[in-house]
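Below: the structure, in structure tokens.
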Amino acid sequence: MKITHAEVILTCPGRNFVTLKITTDQGVHGLGDATLNGRELSVASYLKDHVCPLLIGRDPRRIEDTWQYLYKGAYWRRGPVTMSAIGAVDMALWDIAGKMANMPLYQLLGGASREHVMVYSHATGRDIPETLDAFAKYQAKGFKAIRAQCGVPGMKSVYGVSKGGAYEPATKGWPEEQSWSTEKYLDFAPKLFEAIRDKFGFDTHLLHDVHHRLTPIEAARLGKSIEDYRLFWMEDPTPAENQEAFRLIRQHTVTPIAVGEVFNSIWDCKQLIEEQLIDYIRTTITHAGGISHMRRIADFAAMYQVRTGSHGPSDLSPVCMGAALHFDLWAPNFGMQEYMGYHAETMDVFQCAWSFHDGFMHPGDAPGLGVEIDEKLAAKYPYEPAYLPVARLEDGTLWNW
Ligand code: CS2
Ligand code: MG
């Protein structure tokens, strides 16, 4: 069996997505998501110019060997562009393997470890009453876990708060400039969680994303000050390039920590996991080298009782979401899956076998990933340049967005 075609599909049905389609001489094809928000064209070029030509003629069943070939064979290892490209190839080859075996991916991985996958979505508001309303709406939809983000008094714009409609961080054109005040945020955040617990009690899991904004000692202070509200997790409390920094946070608080949406490999989370400095690892199928590499991360994490909590924003395509749900259903140490949802146009372009019911998702039983793309419709939505915002402190210093 041989790979005969590998092509990249760029489309913008509501937002940009990069999809890899690999076809075999037996007419079976597989899809992989290669979307890297704000840097889509780099991954598309990496695939088109450097990876697709190498795939032609290879045996699609040699998934592991292809992974090693692309990782070790590039000489230049890791990084979001390389690992997203490898991730897309890996996903597409698993999709082909599932279709050839006539089995859904989760069965190939070893079968379901649970009935379905708990997912969380985002309740956001410009102030506390609006966030409480949004929280109630997600509860009414059946969600058992909800992330809460809220505008902060005195700050013009805050991460995670939409300007109306579904939250979408990227904007068309040049990066938007936002401002940030740690003092105002730290003062306000506990009040948000207090209001949520007062109104809704403790039955729904409560999550929150700090989005890399604090220093380690500030993160420790936040974690300590919100312990009574028993968050499911506090996400990305401080940038994680320096993994040791999390020791300091751990010394001060028992608020659980989730990190890793910007990581690309097992090496990025090695110390965080080995020293049990986090509770949930948020790497994703697309950005962390596909199903083959994510399985390594999950198994490694399991040794230290760290569970998975994969990133699932609307800027990863439904192909990644499909792959993630198969993975989550299998992973023995699954913890939680993010599911932000998609624009209606996106769901017209991608046909998905997955389902949502009462706060849980299931990948479905279609062979492979269970996600297909309508290429004709995709062609009607050409790529549009869009970027994530940048954040500055109130004095103009560039900060972590
Ligand atoms: C986020 C994302 O989902 C999350 O937890 O941190 O919204 C993130 O900002 C985007 O995926 C960036 O592209
Ligand atoms: Mg996040």
Side-chain angles (χ1 to χ4, degrees), residues 12 14-18 33-43 80-81 83-84 87 119-124 134 138 143 145-150 157-163 165-172 175-176 178 180 185 189 205-214 219 222 231-240 256-264 268-269 272 278-288 308-321 324 328 335-343 346 384-391 399-401:
C12 186
R15 68 156 2 273
N16 291 314
F17 294 113
V18 181
D33 176 32
T35 309
L36 184 62
N37 202 1
R39 296 293 184 272
E40 294 88 356
L41 299 183
S42 307
V43 192
V81 175
M83 296 305 277
S84 302
V119 294
Y120 74 92
S121 207
H122 300 186
T124 70
Y138 280 102
F143 281 91
I146 300 172
R147 181 184 105 162
Q149 307 292 139
C150 186
S157 50
V158 175
Y159 163 77
V161 178
S162 61
K163 297 183 188 97
Y167 174 65
E168 166 57 66
T171 46
K172 306 251 157 86
E176 185 192 318
Q178 300 183 347
W180 175 254
Y185 167 79
H205 294 303
L206 174 60
L207 298 84
H208 179 71
D209 194 347
V210 186
H211 222 257
H212 327 270
R213 302 291 166 92
L214 304 177
L222 175 68
L231 264 61
F232 187 88
W233 76 41
M234 156 174 94
E235 180 180 331
D236 289 328
T238 197
I257 300 173
V259 172
E261 65 179 45
V262 301
F263 290 172
N264 322 117
D268 300 324
C269 42
L272 285 176
I278 57 171
D279 302 279
Y280 297 92
I281 179 69
R282 278 184 51 75
T283 41
T284 61
I285 311 279
T286 294
H287 298 149
T308 66
S310 285
H311 193 202
S314 51
D315 48 82
L316 284 162
S317 94
V319 178
C320 177
M321 190 68 206
D328 297 338
M336 181 68 85
Q337 171 69 51
E338 183 179 20
Y339 173 56
M340 258 175 86
Y342 293 98
H343 292 273
T346 303
E384 292 182 44
Y387 288 94
L388 288 170
V390 296
W399 198 243
N400 314 306
W401 178 73

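Whatever order the structure lists them in is the order used to number ligands and atoms, beginning at 1. What you see is a predicted model; the values in this text were computed from it and never measured. The analysis underlying the following values was restricted to heavy atoms, covering all of them including side chains, and did not include hydrogens, waters or symmetry mates.
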Total protein N, O or S atoms, the Mg ion (ligand 2), separation less than 2.8 Å: 3

Would you confirm whether T238, through its side chain, and L214, through its main-chain N or O, come within 3.5 Å as a donor-acceptor pair? yes

Sub-4.0 Å heavy-atom environment of ligand 1, residues by chain: N37, R147, Y159, D209, H211, E235, E261, R282, H311, P313, D315, E338, L388, W401

When rounded to the nearest 0.5 angstrom, what distance separates CG in D328 from CD1 in I285? 7.0 Å

Side chains of L36 and S42, heavy atoms from C-beta outward: is any pair under 4.5 Å? no

Side-chain donor-acceptor pair present, E261, H287, cut-off under 3.5 Å: no

Between W233 and Y120, does the ring centre distance come in under 6.0 Å? yes

Passing candidate, side-chain contact (heavy atoms from CB on, under 4.5 Å) with D236, options V259, V210, I257: V259

Do L316 and D33 make a side-chain contact, defined as non-hydrogen atoms from C-beta onward lying under 4.5 Å apart? yes

Which is it for W401 and R213 under the side chain to side chain contact (heavy atoms under 4.5 Å, CB included) test, yes or no, and what are the steps along the way? CA-CA 7 Å; W401 178 73; R213 302 291 166 92; 3.3 Å; yes

Indicate yes or no: at least one non-hydrogen side-chain atom of E338 is less than 4.5 angstrom from one of L207. no

